[in-house]
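Here is the structure we will look at.
A, B, ... follow the sequence lines: proteins, then strands. Residue 1 opens every chain. Not measured: the values here are computed from a predicted model.
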Amino acid sequence: MNGVVELIAGLLVVSGSLFVLAGGIGALRMPDFYTRIHGASLTDSLGPVLILGGLMVHAGPSLVTVKLAAVLLFLMVTSPTASYALANAALLAGLRPEGVEGAKPAADAGQQETSP
Amino acid sequence: MHVLRLGLAVMALFLVWLLWGGLYKTPVLQLGIASCCLVVWLTHRMARPDQETHSWTLYYRIPFYWLWLVGQMVISNVQVLRMVLGPLSALSPTIVEVEAKATSKFALTLLGNSITLTPGTLTIDIDGNRLTAHCLTAPTARDLSAGAMIRRVAAVDPD
Amino acid sequence: MLLVAAIAILITMALALARALLGPSVYDRVLAVNMFGTKTVLLMAIMAFAMGRTDFLDLALAYALINFIGVLAVLWFVQESQLREQRRAATSDRGPPAGSDNE
């Protein structure tokens with residue numbers, strides 16, 4: 001029984017770390033800044049969920065599990081907020097997404113001309 | 001009423017403190033209560049509380065939303081994983097604007113963060129209740145515009 | 001199993017560092033540093049279990065918060081300095097006005 005739990009926990013942690021590794025590769029490989037954020041967000045979404053979830057299974061019901069849940073909650077709230085702040089700052093600074101189809105966002109139009 | 005809210009905040013903080021501490025001796029507990037009171041006082045001094053009120057049903061609807069979001073995350077993670085390891089010519093970055101149905105600050109934050117949290121879509125601008133999202137491929141952009149996530153967020157926190 | 005995951009995360013941190021060095025814009029670097037920070041949190045959580053010292057989790061908790069605040073602070077700094085650059089460029093276009101350094 002104990003061995004099965006260990007195995008499940010290990011599998012969860014390893015599969016999570018695979019997502020994290022793929023995200024790292026994505027952040028290095030992607031062609032422009034906005035697509036790189038997508039690569040990095042791969043490491044911020046399912047990676048932590050699987051890794052910390054696996055560790056929770058490993059720890060069993062205890063105070064440690066509560067702490068892991070708190071770490072997970074903080075990561076899930078802060079990492080998209082940080083990504084949004086980053087993307088929005090880049091957009092407002094006039095960094096244009098490459099090769100984009102569809103409407104241009106209003107925020108970055110005429111950024112250079114509006115300086116007083 | 002106001003004092004009651006502050007007292008509730010202190011109690012909630014102390015509960016969290018108890019869960020994280022694991023060391024229950026009288027002087028430590030006193031320090032804990034003191035630090036909780038300090039934090040509540042500092043926060044009260046620092047932040048102007050927002051005027052939004054949410055119904056209590058929010059607290060049991062959110063876990064269900066999280067479950068659904070984890071499901072979405074699994075799907076989109078696998079898609080983006082394939083895209084990251086596959087050829088880069090498969091990318092077709094698209095920018096879409098979507099309109100949120102629920103307009104409270106909480107609902108907008110939840111929607112924006114959910115969009116960012118599912119890989120392949122990324123909130124880059126929020127203006128009023130219009131969100132601009134950068135999508136890795138045109139199909140993910142179409143999925144986002146179809147509005148399943150927007151509807152669910154609006155169901156979690158209706159105006 | 002935990003060690004495999006730890007090594008994978010270490011490799012990811014190395015990749016993030018490579019992105020931070022490669023650049024090209026300052027936002028790419030901030031993105032890489034943010035990634036590095038969140039991976040540090042995960043690494044700490046894993047090492048807490050690998051070494052059997054679960055009090056490391058408190059550090060992970062604190063690091064998660066500090067990392068977030070740190071990234072926001074760096075972004076604010078970048079934005080602020082860019083605004084200053086823009087203002088300086090705008091004023092120098094009109095010729096050197098008096099007291100432009102005191103703003």
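- For CZ of B/Arg82, the number of neighbouring non-hydrogen atoms (other residues, nucleotides, ligands) closer than 6.0 Å is 12 at most.
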- Query: Are B/Met83 and A/His38 close enough, and set up right, to give a side chain to side chain contact (heavy atoms under 4.5 Å, CB included), and what steps lead you there?
  - Reply: CA-CA 10 Å; B/Met83 223 157 288; A/His38 288 295; over 6 Å; no
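- Considering only heavy-atom pairs separated by less than 4.5 Å from chain A, the leading option among B/Val16, B/Ile115, B/Thr123, B/Leu136 is B/Leu136.
- Taking all atoms of both residues into account, the shortest heavy-atom contact from B/Trp66 to A/Leu73 is CH2-CD1, 3.9 Å.
- Inspection of non-hydrogen atoms places A/Ala22, A/Ile25, A/Gly26, A/Arg29, A/Met30 of residues 21-30 of chain A under 4.5 Å from chain B.
- Top candidate by heavy-atom pairs under 4.5 Å with chain A, chosen from B/Thr116, B/Leu81, B/Thr109, B/Asn113, is B/Asn113.
- Heavy atoms closer than 4.5 Å to chain B are found in the side chain of A/Ile37, but not in its backbone.
- Only the backbone of A/Asp44 comes within contact range of chain B, with heavy atoms under 4.5 Å apart.
- For the atom pair OH of A/Tyr34 and CD1 of B/Ile124, the computed distance is 5.5 Å after rounding to the nearest 0.5 Å.
- For a heavy-atom cut-off of 4.5 Å, chain B lies close to A/Ser45, A/Leu46, A/Val49 in residues 45-53 of chain A.
- Within the model, atoms NE2 of B/His134 and CG of A/Leu91 stand 10.0 Å from one another, a figure rounded to the nearest 0.5 Å.
- For the set B/Val74, B/Asp127, B/Ile126, the count of heavy-atom pairs under 4.5 angstrom toward chain A peaks at B/Ile126.
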